[in-house]
**Q** 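I have a structure I would like to understand better, so I am pasting it below and will then ask my questions one at a time.
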Amino acid sequence: MLSVGIDIGGTKIAGGVVDDDGRIVEQARVTTPVDPTALADAVADMARDLASRHDVAAIGVAAAGFIDATRSIMIHAPNIDWRNVPLRAEFERRIGRAVTLENDANAAGWGEYRFGAGAGSSNMVMLTLGTGVGGAVITDGELLLGGNGTAGELGHLRYERGGHACGCGQRGCLEQYASGRALQREARAIAATDGIGQGLTDAQQPDGTIPGEAMAALILADDPGALEAVHRVATALGEACGQFQAVLDPDLFVIGGGVADLGEALLIPARVAYEQSLPGYSGRQVARFAIATLGNDAGLIGVADLARIRG
Ligand SMILES: [Zn+2]
């Protein structure tokens with residue numbers, strides 16, 4: 001059985017026709033329009049176009065933001081001017097058939113759970129370390145939505161009281177310490193100090209950023225500044241996972257997003273920080289850590305599968 005999944009990202013709308021093994025049969029991609037009406041039209045055009053060439057049973061759309069418990073209303077989107085918009089109905093009117101709506105981080109977590117790094121787990125936490133930090137929780141094989149539909153906002157765990165300001169209006173959120181942006185901030189801070197920052201300084205672009213490939217190369221070369229930057233981010237990630245363990249008791253943490261491209265260089269120090277921050281007793285069981293395997297396709301694969309399941 002085939003279904004369409006569409007993932008609305010900050011820069012691109014990624015769509016695909018997905019089979020029931022999570023394989024993408026056909027893929028589509030357009031630049032995300034800034035105007036909300038043009039954006040909804042672009043999503044509908046992509047869905048209709050993909051569905052016109054395949055026998056598609058369901059259509060799912062994933063977007064960043066708070067979605068209500070009935071999965072109908074976009075209460076608040078962080079990057080698009082959607083406030084209490086009946087988004088599912090808007091897509092259904094444009095496409096002319098039923099649509100499943102889901103938060104993008106939840107969709108990515110579900111995709112990894114069903115077809116990616118989550119295989120063999122039924123209690124999984126996914127953290128997507130991109131520009132920000134997305135979260136998803138799978139409990140006993142079900143996606144945790146919460147009473148208002150907004151569970152799993154793990155990036156907004158308060159990691160440091162009175163810490164860096166977050167886009168959500170709070171301060172000290174995990175997102176400010178364990179994201180791609182946080183890695184850049186730490187790397188710049190290290191580059192600016194004498195001692196171990198030379199490699200990072202040499203890799204800086206004119207605007208001060210350090211490209212991901214350059215960071216990866218420095219880590220491969222055991223550059224002390226780059227290793228320290230990753231260590232700081234991995235420590236925040238691992239310590240937060242200790243907190244999530246106390247609340248959710250997953251058997252697996254799946255780490256995705258651009259920062260996860262660092263692989264074991266990220267996971268090794270994260271595991272150490274995680275085990276050191278676990279509440280409780282010696283001899284307790286610990287969760288596994290794995291890097292996500294579906295990459296940027298996790299969201300569209302996940303929401304296509306959710307659409308099929310929810311009918
Ligand atoms: Zn926040």
**Q** Ignoring hydrogens and angles, tell me if any N or O in the side chain of Arg71 forms a donor-acceptor pair with the backbone of Gly149 under 3.5 Å.
**A**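 Checking the backbone N and O of Gly149 against the side chain of Arg71, a donor-acceptor pair under 3.5 Å is found.
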
**Q** Can you see which heavy atom on Ala117 is nearest to which on Leu252, and at what distance?
**A**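 Result for this residue pair: O-CD2, 3.5 Å.
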
**Q** So does Gln285 have more than 12 non-hydrogen atoms from other groups sitting under 6.0 Å from CD?
**A**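 Not buried by this count: 12 neighbours or fewer within 6.0 Å.
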
**Q** So for atom CZ, which belongs to Arg161, do other residues, nucleotides or ligands contribute more than 12 heavy atoms lying within a distance under 6.0 Å?
**A**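 Incorrect, the count does not exceed 12.
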
**Q** Does some side-chain heavy atom of Pro33 sit less than 4.5 Å from a side-chain heavy atom of Ile13?
**A**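 Answer yes - side chains close enough.
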
**Q** Are Ile8 and Ile80 packed together at the side-chain level, in the sense that at least one heavy-atom pair is separated by less than 4.5 angstrom?
**A**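 Yes - at least one pair of side-chain heavy atoms lies under 4.5 Å apart.
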
**Q** What are the two closest heavy atoms between Ile301 and Gly22, and how far apart are they?
**A**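 Shortest heavy-atom contact: CD1-O, 3.6 Å.
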
**Q** Heavy atoms, side chains only, cut-off 4.5 Å: are Thr32 and Leu39 in contact?
**A**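 Yes, at least one pair of side-chain atoms sits under 4.5 Å.
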
**Q** Quick check for you: to the nearest 0.5 Å, what is the distance between Met126 atom CE and Leu143 atom CG?
**A**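 So the gap between those two atoms works out to 12.0 Å.
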
**Q** Would Tyr159 and Gln176 count as a side chain to side chain donor-acceptor pair (under 3.5 Å) if you check the C-alpha gap in whole Å, the side-chain angles of each, and the deciding distance to 0.1 Å?
**A** CA-CA 9 Å; Tyr159 177 71; Gln176 301 305 320; over 6 Å; no

**Q** Could you check Leu145 against Asn106 for side chain to side chain contact (heavy atoms under 4.5 Å, CB included), going step by step and ending with a plain yes or no?
**A** CA-CA 9 Å; Leu145 298 179; Asn106 281 349; 4.0 Å; yes

**Q** Quick check for you: to the nearest 0.5 Å, what is the distance between His54 atom NE2 and Asp49 atom CG?
**A**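 Interatomic distance, His54 NE2 to Asp49 CG, rounded to 0.5 Å: 9.0 Å.
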
**Q** Donor-acceptor pair, Tyr177 side chain versus His164 backbone, under 3.5 Å?
**A**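 Judged by distance alone, yes, a pair lies under 3.5 Å.
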
**Q** Any donor-acceptor pair under 3.5 Å linking the side-chain atoms of Asp68 with those of Thr70?
**A**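 Yes.
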
**Q** Got a donor-acceptor contact below 3.5 angstrom from the Arg48 side chain to the Arg94 backbone?
**A**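 Confirmed, Arg48 side chain pairs with Arg94 backbone.
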
**Q** Heavy atoms only: give me the nearest Arg171-Arg158 pair and the separation to one decimal.
**A**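 Heavy-atom minimum between the residues: O-NE, 3.3 Å.
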
**Q** What closest approach, in Å, do Pro86 and Ile73 show between heavy atoms, and which atom pair accounts for it?
**A**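 In terms of heavy atoms, the two residues are closest at CA-CD1, 3.9 Å.
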
**Q** Ignoring hydrogens, what is the shortest heavy-atom contact between Met74 and Ala63? Give both atom names and the distance.
**A**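 That would be CE-CB, 3.9 Å.
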
**Q** Give, for atom CD1 of Ile59 and atom CD of Glu92, the distance between the pair rounded to the nearest 0.5 Å.
**A**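 Going from the CD1 atom of Ile59 to the CD atom of Glu92 covers 9.5 Å.
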
**Q** Do Arg97 and Val56 make a side-chain contact, defined as non-hydrogen atoms from C-beta onward lying under 4.5 Å apart?
**A**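 Yes, side chains in contact.
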
**Q** Quickly, which of His231, Arg181, Arg232 forms a side chain to side chain donor-acceptor pair (under 3.5 Å) with Glu186? Name it, please.
**A**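 Output: one option passes, namely Arg232.
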
**Q** Salt bridge check: are Glu275 and Arg284 linked by an N-O gap of less than 4.0 Å?
**A**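 The answer is no: the pair does not qualify as a salt bridge.
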
**Q** What I'd like to find out is whether the side chain of Cys241 reaches to under 4.5 Å of the side chain of Leu127, using heavy atoms alone.
**A**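 A side-chain contact exists here, since the closest heavy-atom pair is under 4.5 Å.
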
**Q** Decide yes or no for Phe253 and Gln245: does some side-chain heavy atom of the first lie under 4.5 Å from some side-chain heavy atom of the second?
**A**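 Yes - at least one pair of side-chain heavy atoms lies under 4.5 Å apart.
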
**Q** Count the heavy atoms of every other residue, nucleotide or ligand shown that sit under 6.0 Å from CG of Asp21, and state whether that count exceeds 12.
**A**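 Check passes, neighbour count above 12.
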
**Q** Begin from the C-alpha positions of Ile309 and Trp110 and carry the test side chain to side chain contact (heavy atoms under 4.5 Å, CB included) through to its verdict.
**A** CA-CA 12 Å; Ile309 291 167; Trp110 185 256; 3.6 Å; yes

**Q** In terms of the angle between their ring planes, are Phe91 and Trp82 parallel, tilted or perpendicular, with boundaries placed at 30° and 60°?
**A**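 The rings of Phe91 and Trp82 stand perpendicular, inter-plane angle above 60°.
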
**Q** Side-chain contact test, heavy atoms from C-beta onward, threshold under 4.5 Å: evaluate it for Asn103 versus Glu153 and give yes or no.
**A**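 Contact flag for Asn103/Glu153 side chains = yes.
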
**Q** Verify the neighbour count for atom CG of Asn123: are there more than 12 heavy atoms of other residues, nucleotides or ligands below 6.0 Å?
**A**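 Atom CG in Asn123 is crowded, with more than 12 foreign heavy atoms closer than 6.0 Å.
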
**Q** Please determine whether side chain to side chain contact (heavy atoms under 4.5 Å, CB included) holds for the pair Leu129 and Leu266, giving the CA-CA distance in whole Å, both sets of side-chain angles, and the decisive distance to 0.1 Å.
**A** CA-CA 11 Å; Leu129 313 186; Leu266 177 74; 4.1 Å; yes

**Q** Determine, stepwise, if the pair Leu200 / Met215 fulfils side chain to side chain contact (heavy atoms under 4.5 Å, CB included).
**A** CA-CA 8 Å; Leu200 291 169; Met215 184 71 83; 4.1 Å; yes

**Q** On a heavy-atom basis, which atom in Leu300 and which in Val18 lie closest, and how many Å separate them?
**A**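 For Leu300 and Val18, the tightest heavy-atom pair comes out as CD1-CG2, 3.8 Å.
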
**Q** Specify whether Tyr274 and Phe289 have parallel, tilted or perpendicular ring planes, treating 30° as the upper limit for parallel and 60° as the lower limit for perpendicular.
**A**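 The rings of Tyr274 and Phe289 stand perpendicular, inter-plane angle above 60°.
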
**Q** Are Glu26 and Arg53 close enough that some pair of their side-chain heavy atoms sits under 4.5 Å apart?
**A**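 A side-chain contact under 4.5 Å exists here.
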
**Q** If you count the non-hydrogen atoms of other residues, nucleotides and ligands that lie under 6.0 Å from CG in Asn148, is the total more than 12?
**A**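 12 or below, so no.
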
